[in-house]
> 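Before anything else, here's the structure in question.
To find a chain, count down the sequence lines: A is the first, B the second, and so on, and within it residues start at 1.
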Protein chains: 2
Amino acid sequence: MKYEDFKKQVAISKHDFYRDIFAENRKSIRIKKEKTVVKNLERIFRAVLKISNQKGFQAMSMRELAQETGLSMGALYAYFSSKDELVEMLQKQSQAVASKIWKDQITLADDPREQLKVAVYSHLFLSEVMRPWYYFSFMEAKNLSEKERKRALEVEGASEQVLADIIERGQAAGFFTEGDARLIASLIKAMMQDWYLRRSKYVKTRVSIEKYADQVYRLLSSYLIRT
Amino acid sequence: MKYEDFKKQVAISKHDFYRDIFAENRKSIRIKKEKTVVKNLERIFRAVLKISNQKGFQAMSMRELAQETGLSMGALYAYFSSKDELVEMLQKQSQAVASKIWKDQITLADDPREQLKVAVYSHLFLSEVMRPWYYFSFMEAKNLSEKERKRALEVEGASEQVLADIIERGQAAGFFTEGDARLIASLIKAMMQDWYLRRSKYVKTRVSIEKYADQVYRLLSSYLIRT
DNA sequence: GTCTATATACGGATAGAC
DNA sequence: GTCTATCCGTATATAGAC
């Protein structure tokens, strides 16, 4: 499994991404011309991720965001009505896109052994494509509004359940060794998470995403797959 | 390996912990009576961890800290000269204590196979004993001062190197399978980290620290240990 | 040792000109 | 659509009374 192939295959259209955000938030966005909105939303969200991932979302001031985007504070508030709403837009759309891509990938396989492999590789590749958002999402989760925090927890729980289900099907079919599927799923998630949480370390030690994925999968299959 | 035994064995004396902080920071602490200082430092650090772990260190206001500790803002500033210094005291002492305990535990064993087991179990147990600090340290690392951030990275790198060294010795002795020791150490670290980063999930699904440690070690040894 | 009151700066958000 | 200027709340930190 090659990262470059995956990247081409999913080819998330940035334009579509921001157009969808526009469509979902017509009420709070005061600007009417789609072209302008898409252009500026891209600048804004790029800057939010950049600054937040350096110093945290709370520590990012609107003045700083204005500077980084090249827009004034007044202009910024034409695209959202509060800092909370800004982060809500980002979370909702990114989460929807990420979860759709992952599930689509898994559905391409049907044998549990193949599904497990696809699930691990495609999750890692996806987190590499959308790395700034994955990092942001983890680090800022606890600072979101009650509503957003709850949704983030549900999404995370659901993705672990996807892994656990694959493992259970594999166990039922006799391919995998017995054991607590949910707990094993947690450990897989932990290893996948490390790629985006401490990525600078892997850059420094020259570990590529493919090498990382291979190692995770090898560790996993030596435990799980019956021989 | 039992968690309760470990807990008794290390029995970190809280009194010693705060007395050491006092000794190291005589300059910035304006209060002279040790008894008073120890009592209040304990209140302060407990409150810092509690509030920060709920909403982040930056979002914790001094007014909030005053309320939680039962001290006034004026009184708080008799124990440190800035928010940054407060967090520096906490980091320095906790890091020293944690790293000493872990290394002492590992030295108790000499066979690499036994050392690996001790390293995994004792790190997990230790992170359970000092859980609020481990969580804080990870989540706030990037918001610390340049100096503190650098030191945190070094400590983290060193602890992964400890694991990698054990693995390499085990490989050289023919006990472990070949492979990239540093990368495997990273994956072990990732799994150990998950215990304190997403602990509420494990509480909810009723996974005990012992069960978690067993599962991590089983996964690991199935890959690493030659049969 | 600890308190209350306050200096000073910076935060998010908006009004109204262009 | 975007800008500048400003309101107003809250932040950290300190001064000085007790």
> Taking 4.0 angstrom as the limit, do A:Glu64 and A:Lys55 come out as a salt bridge?
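Looking at A:Glu64 and A:Lys55, the cut-off is met.
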
> Go through it in stages, so that I can follow the logic: the residues are A:Val162 and A:Trp102, the test is side-chain contact (heavy atoms from CB on, under 4.5 Å), and I'd like the CA-CA distance, side-chain angles, deciding distance and then a yes or no.
CA-CA 10 Å; A:Val162 167; A:Trp102 193 45; 3.9 Å; yes

> Any chance you could list the contact pattern along nucleotides 2-18 of chain C? Use B for base contacts, S for sugar-phosphate-only contacts and - for none, protein heavy atoms under 4.0 Å, 5' to 3'.
SBB------BBBB----

> Could you tell me whether A:Asp194 and A:Arg199 have a side-chain N and a carboxylate O separated by less than 4.0 Å?
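No.
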
> Do you know which of A:Val48, A:Asn53, A:Leu90 makes side chain to side chain contact (heavy atoms under 4.5 Å, CB included) with A:Trp133?
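Among A:Val48, A:Asn53, A:Leu90, the one that satisfies the side chain to side chain contact (heavy atoms under 4.5 Å, CB included) with A:Trp133 is A:Leu90.
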
> If you measure from the Lys or Arg side-chain nitrogens to the Asp or Glu carboxylate oxygens, is any gap between B:Arg151 and B:Glu154 under 4.0 Å?
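Between B:Glu154 and B:Arg151 there is no salt bridge, as every charged N stays at least 4.0 Å from the carboxylate O atoms.
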
> In this structure, how many angstroms lie between the C1' atom of C:dG1 and the CD atom of B:Glu34, rounded?
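About 16 Å, once rounded to whole Å.
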
